[in-house]
Amino acid sequence: MIIGGAGVSVMPVAMVIRHPTADVALGIANISPAAPTRPRPMTLSRRRLEPGEWVAILGYPKSLSEHALSDEGVALTSFTVTPDFYEGEVLEHHPGGVGLAKWPAYSTGIVPPPGSGLADLGGASGGPLVHCGTVFVHGVACSASEQYTLCTDIETVLDWDVFEDAGEGSVTVRDFAVRRPGVIRIAE
């Protein structure tokens, strides 16, 4: 679902690829030229963030799914998607990993705001870590607690094999960005 000034577009996801060990998936949507709102290309930045830089995580920790059976025994499901963002500062870069992140990662001071009713940012995993000034993606949220959130450094994510391309073998995020520059851009 893409929300923008021109309205809302719902685009079917043609393929979802999960990373085998990280809490990350790549979804590829069928984008209609007639859609009133189209996604903007992401820019993934390889620049290492410094402690104190202001960042945000985009995610869906407030989303709800409800399941019930009708009187006729038919399964009914409703899903309420609530996108949100959570801001904080970079605390440290961990080149050798930290906690559940076994690869280079950032620890951030991003936590649920007081009164939000959230114990942690569960549901934001896999969401982008975005620099508040440039809106470039520097990482991917991978673990959260009530004191901090860990994000995998995007430099690591660029070399993850994300899917098999027809007859060409494994494709990394970096390969995908080179092949589809209108979808993903890589900045230094």
Indicate yes or no for a side-chain donor-acceptor contact from Thr108 to the backbone of Thr149 under 3.5 Å, with no hydrogens or angles considered.
yes
Checklist line | Flag, side chain of His138 to backbone of Arg47, donor-acceptor distance under 3.5 Å | finding: yes
In this structure, would [X] and [Y] fall into the same cluster of hydrophobic residues linked by side-chain contacts under 4.5 Å?
X	Y	answer
Val137	Val157	yes
Ile110	Val90	yes
Ile186	Val178	no
Val111	Leu91	no
Leu58	Val140	yes

Would you call the rings of Tyr106 and His93 parallel, tilted or perpendicular, where under 30° means parallel and over 60° means perpendicular?
-> perpendicular
Can you measure from [atom1] ([X]) to [atom2] ([Y]) and round to the nearest 0.5 angstrom?
X	Y	atom1	atom2	result
Ile154	Leu129	CD1	CG	8.5 Å
Phe85	Ile57	CZ	CD1	12.5 Å
Glu66	Leu76	CD	CG	11.0 Å

Is [Y] close to [X] at the side-chain level, that is, under 4.5 Å between some pair of heavy atoms?
X	Y	result
Tyr86	Pro112	no
Thr172	Leu158	no
Glu155	Arg174	yes
Thr134	Thr43	no
Tyr148	Val98	no

Minimum heavy-atom separation for [X] and [Y], please, with both atom names.
X	Y	answer
Leu150	Gly99	CD1-CA, 4.5 Å
His94	Ser107	NE2-OG, 2.9 Å
Thr156	Pro104	OG1-CD, 3.4 Å
Glu89	Val55	C-CG2, 4.3 Å

Inset, instruction - Decide side-chain contact (heavy atoms from CB on, under 4.5 Å) for Glu87 and Cys132; before the verdict, give the C-alpha distance in whole Å, the side-chain angles of both, and the deciding distance to 0.1 Å. - result: CA-CA 8 Å; Glu87 295 177 294; Cys132 290; 3.6 Å; yes
